[in-house]
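Structure first, commentary second.
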Amino acid sequence: MKASHPLSPEVRFSDDDPDLSRDYWNPERETLPPERMAALQLAKLKTQLAYLEQHSELYRRRFAASGFRTADLRTLEDLAALPFTTKTELREAQEQAPPFGLHQAAPMDRIVRITSTAGTTGRPVFQGYTRDDTLRRSESIARGLWGFGVRPGDRVINGFALSMFNAGIPFCAAIEHLGALDVPVGAERKAEGMLKMAKEVKATVWIGTPSFAAYLAEKCEEVLGIPPSELGLRVICGGGESGFELPAFQKRMEQAFGTRHVYDWASTSDAHPNVFAHCKHRNGKHQLTPDFALVQLIDPQSGQLKPMHDGAEGEYIFTHLDRQACGLVRYRTGDILRVQTSPCPCGRTGFRMDIIGRSDDMLLVRGVNLFPSALQSVVGRFSPKAAGRMQVVLPQPGPKVEPPLKLRVEHAEGLGVADLAELKKSLESTIRADLSVTAEVQLVPAGALGRTETKTRLIVIEAA
Ligand SMILES: [Zn+2]
């Protein structure tokens, strides 16, 4: 029986279409020609801004202060008449009106879920969701998982941290929404508990951070007495940090788990339900939700909008198009993207992107702009001799750095003195040739930069 729901076709349900061989979760929205998507975005944007003006104290004040009238909005670019919203402002808005802040636009009795950012760099920022918000969140995640090949019948281990985290319970809800079996193990169970559960329930899909995936592969034999390739996991995917987008890391995970299906995922806690995910071609991550969030590029220094053409680079900002509880306008994510707009063989029409850095991670080495991710991709090419992890060591906070740029790189076990000297020399000369930067590499044993469930910090400050 075909389910009918007032939100269709924006939110589909697993029984809306019994054809499991179809390529897309939501064929209509994922393949809409760009000009028709832009028209849909503009129509939704007008409704959303009018809604915020009526219900959100923060945005009502902002619109008034900038003389902005929703009725005057003619193009998506006209939105640039409004100021940015920043993380610092969200924190302040939440201190003044806890827990959700002055931008809250739905009444408390309509909000059914709260999540929060990790708060590693200050007070955590909360996100609230109405029931419709949670449905669109599930829809957005289902689009990504479907593209990875996840189907009803799959048993999906959620290996992200579950407590309060956006990839925790909301991800579990989305797995159920898609019609697959949600196995909410969570990073809290640690590697041993997760491996045992994967074997017990015959899991077919695993999602979590790349460092956790690598750790599971390493511990599998010890915990279960079998290599990870015998676990039966068909899809390994996730995000939260750099890893799954790097070809060298993908290859390592493919070999370890014995599958071709290793995929990357990206979002920003405040941006939900916006989702970027690989399709099976892994040629950049598609924006799968242009109908839920308008993504625009800006120059991080000047704040000016940049055209989103093939190869364009810039910080991405987003504006929610139908968020009820905590909609944001022109929110600065700090993520620097490189965009691809050429057609993808999968037929999805949303632009594709790679995150090339954070606006606050950008380094300036004698006039050369450099993101740690660029160093990481050079290091990745030296796999398996370089074990994959690296760290930039600065004597004081950037962006200005005096060369040589100090870099710690993990090396594989079992390399002799001559091998190590050769590896250091090749790394330094390749970095100089490819990135025009003089680097001084210090090789450290595999695992020295941390390899468990935690993220490796790409930049550390250590006074000399
Ligand atoms: Zn594609």
Side-chain angles (χ1 to χ4, degrees), residues 9-10 12 17 19-38 40-41 136 138-151 154 156 171 174 178 180 205 207 210 234-240 242-251 253-254 259-268 271-297 307-314 316 318 335-356 373 377:
E10 292 203 328
R12 294 178 65 91
D17 184 349
D19 176 16
L20 301 188
S21 69
R22 69 184 197 277
D23 290 330
Y24 318 101
W25 169 256
N26 190 330
E28 193 237 329
R29 288 295 165 86
E30 291 175 61
T31 61
L32 203 62
E35 53 293 349
R36 283 185 57 203
M37 181 54 78
L40 177 68
Q41 287 177 320
R136 289 196 191 92
S138 290
E139 163 77 20
S140 70
I141 297 169
R143 289 181 194 176
L145 291 177
W146 195 272
F148 297 162
V150 181
R151 297 288 182 272
D154 271 315
V156 187
F171 238 103
L178 181 140
V205 179
I207 183 152
R234 195 186 77 250
V235 178
I236 302 288
C237 57
S242 176
F244 284 128
E245 82 285 20
L246 307 170
F249 186 81
Q250 288 165 8
K251 211 166 144 211
M253 292 301 100
E254 285 174 9
T259 176
R260 282 188 310 112
H261 302 284
V262 176
Y263 300 110
D264 192 29
W265 183 281
S267 194
T268 293
H272 293 305
N274 187 44
V275 158
F276 298 104
H278 271 153
C279 67
K280 65 180 179 190
H281 300 282
R282 293 197 301 209
N283 178 22
K285 291 177 276 294
H286 286 274
Q287 191 204 7
L288 293 176
T289 48
D291 49 341
F292 297 154
L294 170 68
V295 167
Q296 294 175 306
L297 283 191
M308 207 178 278
H309 56 70
D310 209 40
E313 291 179 7
Y316 95 87
F318 71 85
D335 282 332
I336 310 282
L337 309 184
R338 184 180 300 123
V339 164
Q340 295 180 62
T341 55
S342 56
C344 181
C346 77
R348 286 179 182 80
T349 45
F351 74 86
R352 305 191 300 292
M353 68 84 176
D354 290 293
I355 298 179
I356 55 173
S373 57
S377 62

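Just follow the structure's listing: the first ligand is 1, and inside any ligand the first atom is 1. Small disclaimer: the values here were computed from a predicted structure and weren't measured.
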Next item on the list: Would you mind checking if Asp291 and Arg143 are paired as a salt bridge, meaning a charged N to carboxylate O distance below 4.0 Å?
Entry: yes
Checklist line | Opening angle between NE2 in His286 and SG in Cys344, taken at the Zn ion (ligand 1), to 10 degrees | finding: 110°
Check: Checking only N/O/S atoms, does His278 have one that is under 2.8 Å from the Zn ion (ligand 1)?
Finding: no
Check: Given the side-chain rings of Tyr316 and Phe276, with only the six-membered ring counted for Trp, is the space between their centroids under 6.0 Å?
Finding: yes
Note to self: Is the distance between the ring centroids of Phe249 and Phe244 under 6.0 Å?
What the structure shows: yes
Note to self: Between Arg282 and Glu254 (salt bridge meaning N to carboxylate O under 4.0 Å), is one present in this structure?
What the structure shows: yes
Check: Got an N, O or S from His281 under 2.8 Å of the Zn ion (ligand 1)?
Finding: no
